[in-house]
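Encoded as structure tokens, the structure appears first; notes follow it.
Just so you know, these numbers use all the heavy atoms, side chains as well, and skip hydrogens, waters and symmetry mates. Chain letters run A, B, ... following the sequence lines, proteins first, then strands; residues in each count from 1.
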Protein chains: 2
Amino acid sequence: MAYEQLKLENQVCFRLYTAARLTMGAYHPYLDPLGLTYPQYLVMLVLWEQDKQPVNDIAHKLLLETNTVTPLLQRMEKAGWIKRTKGKEDSRQRIVSLTEKGVEMREQAKHIPECLSADIIKNAGSAEEIMQMIPTLDKLIEGLKHTTHNK
Amino acid sequence: MAYEQLKLENQVCFRLYTAARLTMGAYHPYLDPLGLTYPQYLVMLVLWEQDKQPVNDIAHKLLLETNTVTPLLQRMEKAGWIKRTKGKEDSRQRIVSLTEKGVEMREQAKHIPECLSADIIKNAGSAEEIMQMIPTLDKLIEGLKHTTHNK
DNA sequence: TTAATTTATATCGTTCACGATGCAAAATTA
DNA sequence: TAATTTTGCATCGTGAACGATATAAATTAA
């Protein structure tokens with residue numbers, strides 16, 4: 001009976017993995033004009049919520065490793081949306097702050113969440129049903145955050 | 001208050017993206033000994049379910065592009081788990097089949113789904129609650145599968 | 001104070017994921 | 001049959017993710 005579970009259709013993780021990829025794809029029409037990738041958009045969300053944060057705080061909020069975030073930030077700096085300055089008290093830190101361009105982008109990005117909701121409702125039915133997954137996803141994330149291979 | 005929706009905590013996609021990454025991380029203890037990555041494991045699932053499939057069928061089942069799957073298969077062939085042969089009727093096709101080594105691996109992988117269920121229950125509470133997301137995830141996937149940027 | 005350890009970030013190598021493009025074999029149309 | 005289009009797969013370039021490792025600054029211990 002164990003073989004039965006080895007079927008693709010019985011795999012929750014495959015669905016999460018696929019849903020995440022496709023949902024990220026749904027952001028493309030809105031992020032492409034801004035020149036942002038989805039992970040870069042996440043960084044912008046973090047910075048719009050609070051400017052001037054060390055790399056570590058950003059990585060922590062996104063549940064990513066710094067070796068993922070650092071190159072991400074380097075590309076974003078090159079694009080002119082953020083800058084990275086040495087920390088004053090702790091000079092190991094790199095403080096990430098928005099440039100003027102980065103601040104202005106917030107206005108253009110303002111409607112992305114509603115656009116996405118609309119798209120999802122149009123294509124995948126009820127947004128409510130999707131929102132109902134949030135507490136479960138949060139529990140899952142919280143539970144797996146500190147397992148062996150996730151830190 | 002459009003800005004409110006720009007908060008990270010209000011984003012469903014971020015949760016999907018994170019849950020997918022962390023769940024994939026939870027597979028590591030079981031896949032590492034076999035030398036498999038998670039996407040490679042997915043390919044093995046597809047082939048264990050039905051051997052000898054063209055690249056396109058595999059890509060289609062995993063909802064991936066062939067330009068993602070092709071290099072994946074090349075690495076798996078080099079590892080000795082699969083082989084790729086020219087199609088008989090249609091010589092454009094590459095038929096992917098399991099090697100002896102690939103077939104044997106199924107036995108070792110047999111218990112991975114149960115192990116993962118156990119891990120999730122231990123760390124993230126109820127597996128039932130997680131299973132309840134499946135219909136919603138399926139609707140989401142089905143709905144987004146054929147949008148502009150997802151083909 | 002000096003030495004050992006921890007912390008914050010960066011670099012490197014490998015593997016996805018995917019848009020764009022290329023190419024040859026098949027299918028379709030003229 | 002010849003020309004055109006489509007299809008199946010591959011290659012290339014870019015941007016994540018992440019394990020492993022490196023480095024310098026801060027912290028702690030000796």
Side-chain angles (χ1 to χ4, degrees), chain A residues 13-14 17-29 31-32 35-43 53-60 62-79 84-96 147-151, chain B residues 14 17-29 31-32 35-43 53-60 62-79 84-96 145 147-151:
Chain A
C13 182
F14 171 63
Y17 156 83
T18 304
R21 279 191 308 108
L22 297 184
T23 312
M24 280 166 60
Y27 275 89
H28 258 117
L31 296 180
D32 281 354
L36 285 172
T37 65
Y38 183 73
Q40 290 170 2
Y41 172 65
L42 291 180
V43 170
Q53 298 186 56
V55 175
N56 220 7
D57 287 22
I58 297 172
H60 193 255
L62 298 180
L63 300 183
L64 290 168
E65 304 297 319
T66 64
N67 56 0
T68 298
V69 174
T70 293
L72 201 59
L73 294 174
Q74 286 168 343
R75 285 185 285 267
M76 293 177 74
E77 184 172 42
K78 209 191 300 188
R84 303 179 306 145
T85 56
K86 265 215 166 70
K88 295 277 154 88
E89 330 94 59
D90 189 335
S91 74
R92 288 171 305 181
Q93 289 186 335
R94 294 278 247 163
I95 308 299
V96 182
T147 47
T148 331
H149 264 266
N150 293 318
K151 174 176 174 59
Chain B
F14 171 63
Y17 156 83
T18 303
R21 281 191 306 108
L22 297 185
T23 311
M24 281 168 60
Y27 275 90
H28 258 117
L31 296 181
D32 281 354
L36 285 172
T37 65
Y38 182 73
Q40 290 171 0
Y41 172 64
L42 291 179
V43 171
Q53 298 186 56
V55 174
N56 220 6
D57 287 21
I58 297 173
H60 193 255
L62 298 180
L63 301 183
L64 290 168
E65 304 297 319
T66 64
N67 57 0
T68 298
V69 173
T70 293
L72 201 60
L73 294 174
Q74 287 168 342
R75 286 184 284 269
M76 293 176 74
E77 185 172 40
K78 207 191 305 185
R84 302 179 305 145
T85 56
K86 265 214 168 71
K88 296 276 154 87
E89 330 95 59
D90 189 334
S91 75
R92 286 172 305 180
Q93 289 186 335
R94 292 279 247 164
I95 307 298
V96 182
K145 205 155 66 175
T147 47
T148 331
H149 264 268
N150 292 318
K151 179 182 166 53

* To do: For residues A:Gly87 and A:Ile95, report the shortest heavy-atom separation together with the two atoms involved.
  => CA-CG1, 3.8 Å
* Can you find a side chain N or O atom of B:Arg21 that sits less than 4.0 Å from OP1 or OP2 on D:dA16? -> no
* **Rounded distance (nearest 0.5 Å) linking atom CG of A:Leu42 with atom CG of A:Leu36** => 10.0 Å
* Can you tell me how far P of D:dA26 sits from NZ of A:Lys86, to the nearest Å? -> 10 Å
* Starting at CD of A:Glu65 and ending at P of C:dG13, how long is that distance when rounded to a whole Å? -> 20 Å
What donor-acceptor contacts under 3.5 angstrom involve side-chain atoms of residues 70-78 of chain B, with partners at least two apart or in another chain?
{"unit_1": "B:Thr70", "atom_1": "OG1", "unit_2": "B:Thr66", "atom_2": "O", "d": "3.0"}
{"unit_1": "B:Glu77", "atom_1": "OE1", "unit_2": "B:Arg84", "atom_2": "NE", "d": "3.0"}
{"unit_1": "B:Glu77", "atom_1": "OE1", "unit_2": "B:Arg84", "atom_2": "NH2", "d": "3.4"}
{"unit_1": "B:Glu77", "atom_1": "OE2", "unit_2": "B:Arg84", "atom_2": "N", "d": "3.1"}

* Asked: Expressed in angstrom and rounded to an integer, what is the separation of A:Leu72 atom CG from D:dT14 atom P?
  -> 17 Å
* Asked: In residues 35-42 of chain A, which ones come under 4.0 Å of DNA chain D, going by heavy atoms?
  -> A:Thr37, A:Pro39, A:Gln40
* Asked: What is the distance from OH of B:Tyr17 to P of D:dG15, rounded to the nearest Å?
  -> 15 Å
* Structure fact -> ring-ring contact (aromatic ring centres under 6.0 Å, His included) filter on B:His28, not counting sequence neighbours, yields A:His149
* Between atom CD in A:Glu89 and atom P in C:dT7, what is the gap in whole Å? -> 18 Å
* Any residue meeting side-chain contact (heavy atoms from CB on, under 4.5 Å) with B:Thr68, in chain and number order, not counting sequence neighbours -> B:Leu64, B:Glu65
* To the nearest Å, how far apart are A:Leu31 CG and D:dG15 P? -> 15 Å
* Asked: Quick one: is B:Ser91 getting a side-chain N or O under 4.0 Å of the C:dA24 phosphate, OP1 or OP2?
  -> no
* Structure fact -> Here the distance between atom P of D:dC18 and atom CG of A:Leu64, to the nearest Å, is 6 Å
* To do: Please identify each residue that fulfils side-chain hydrogen bond (donor to acceptor under 3.5 Å, both in side chains) with A:Gln93, with sequence neighbours left out.
  => none
* What distance separates A:Thr23 OG1 from A:Tyr38 OH, expressed to the nearest 0.5 Å? -> 8.0 Å
* Structure fact -> Taken in chain and number order and not counting sequence neighbours, the residues that satisfy salt bridge (Lys or Arg N to Asp or Glu O under 4.0 Å) with B:Asp90 are B:Arg92
* Please tell me which of the listed nucleotides, D:dA17, C:dC18, D:dA16, lies nearest to the side chain of A:Arg75? => D:dA16
* Asked: Rounded to the Å, how far apart are A:Asp32 CG and C:dC18 P?
  -> 13 Å
* To do: Apply side-chain hydrogen bond (donor to acceptor under 3.5 Å, both in side chains) to B:Tyr27 and list each qualifying residue two or more places apart in sequence or on a separate chain.
  => A:Gln11
* Could you run through nucleotides 1-11 of chain D and give me one letter per nucleotide, 5' to 3': B if any protein heavy atom sits under 4.0 Å from the base, S if only the sugar-phosphate is that close, - if neither? => ------BSBSB
